[in-house]
Amino acid sequence: KQEVTQIPAALSVPEGENLVLNCSFTDSAIYNLQWFRQDPGKGLTSLLLIQSSQREQTSGRLNASLDKSSGRSTLYIAASQPGDSATYLCAVGQGAQKLVFGQGTRLTINP
Amino acid sequence: ETGVTQTPRHLVMGMTNKKSLKCEQHLGHNAMYWYKQSAKKPLELMFVYNFKEQTENNSVPSRFSPECPNSSHLFLHLHTLQPEDSALYLCASSQGSRGAQGTEAFFGQGTRLTVV
C-alpha cells in the first residue's frame, strides 16, 4: 500500500528566505506526482505536476524535483513571501486516476 | 464560470436527513472524483468516475451514494450520516484516461459538512 510522508509537518521562516519542503513515498511505481497548496478552509490549488518520466518542473518561484528510484520529491520555494503561507500537499498518482496524499506541511512566512 | 464549482459551501444536517452535494466542472474533463478531508488525516479518495463510469469505490459506506449523470456533473447523495462523517468534502476533475498516463487534477473549494 502506498504511503506518502511529508516532513516537516510545520515550518516557520522569515520573509525572503529560500526553503525546501520534502515528500517521500514508499512505492516507486507511480504515474506522476503533484504539489498543491491549501489555504485554511479552502480547496486545493495545483502548483506543479511532474510526470514519472520527468525529473523536475518549474513555475515562477517554485521548483519541484522528483527522484522516483529513491521515492522522494522536493518543493523549493525561492524568496518566500507572506502570501506563500499555506499548507502544502504532495500527492502521488497511483494508478491512472488515483492520488495518494501526504498529510501536508503547514508553512508560515513571517513578515 | 471556470474551474470546479461545489455547492453548497457549508452544510449542517441531522443524522436522519437526506442531502446532496453537487460538483460541476467547466474544464472539459472526463474524470471526476470525491475526496474526504478529516481533521489531522490525509485526504482520502472516495470515488472515481472516468468517462461517466465509476472506476473506484474506496470501501466507502453505503450511506454515501455518488451519481455522475454526465462528464461535467457529479453528485454525492448523503443519508443517515454519523457525526464522524463531518469533514470537508472535495470534488476534483482531470482530463481522464483510458490509458496509463495520469493527468493533472483540479479541485473545487469543498463543502464543509457538519453532522449533528
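Residue numbers begin at 1 in each chain, while the letters A, B, ... track the order of the sequences. Scope of the values below: all heavy atoms of this structure, side chains included, with no hydrogens, waters or symmetry mates.
We find the NZ-CZ distance between B/Lys41 and A/Phe101 to be 15.0 Å, quoted to the nearest 0.5 Å. In this structure, the separation between CD on B/Glu104 and CD1 on A/Ile50 is 11.5 Å, given to the nearest 0.5 Å.
Contact annotation for B/Leu45: only side-chain heavy atoms (C-beta onward) come within less than 4.5 Å of a heavy atom of chain A. If you measure heavy-atom distances from A/Gln38 to chain B, the contacts under 4.5 Å come from the side chain alone. For B/Glu44, no part sits under 4.5 Å from any heavy atom of chain A, backbone or side chain.
Both A/Leu19 and A/Leu62 are part of a single hydrophobic cluster, where members link through side-chain heavy atoms under 4.5 Å apart. Using a 4.5 Å cut-off between side-chain heavy atoms of Ile, Leu, Val, Met, Phe, Trp and Tyr, with links allowed through other members, A/Ile109 and A/Leu75 fall into the same hydrophobic cluster. The hydrophobic cluster containing B/Leu74 also contains B/Leu78, counting ILVMFWY residues as joined when their side-chain heavy atoms lie under 4.5 angstrom apart, directly or transitively. Grouping the Ile, Leu, Val, Met, Phe, Trp and Tyr side chains by contacts below 4.5 angstrom, directly or via other members, places B/Tyr49 with B/Met46. Both B/Leu113 and B/Met15 belong to a common hydrophobic cluster when Ile, Leu, Val, Met, Phe, Trp and Tyr are linked at side-chain heavy-atom distances under 4.5 angstrom.
The main-chain N or O of A/Lys98 is never found under 3.5 Å from a side-chain atom of B/Glu56 such that the two would form a donor-acceptor pair.
Within the 4.5 Å cutoff, the side chain of B/Tyr35 has heavy atoms near those of the A/Leu99 side chain. Looking only at side-chain heavy atoms (C-beta outward), B/Arg9 and A/Lys42 come within less than 4.5 Å of each other.
Dense packing is recorded around CD of B/Gln82, with more than 12 heavy atoms of other residues, nucleotides or ligands lying under 6.0 Å away.
When all heavy atoms of A/Gly102 and B/Pro42 are compared, the closest pair comes out as O-CB, 3.8 Å.
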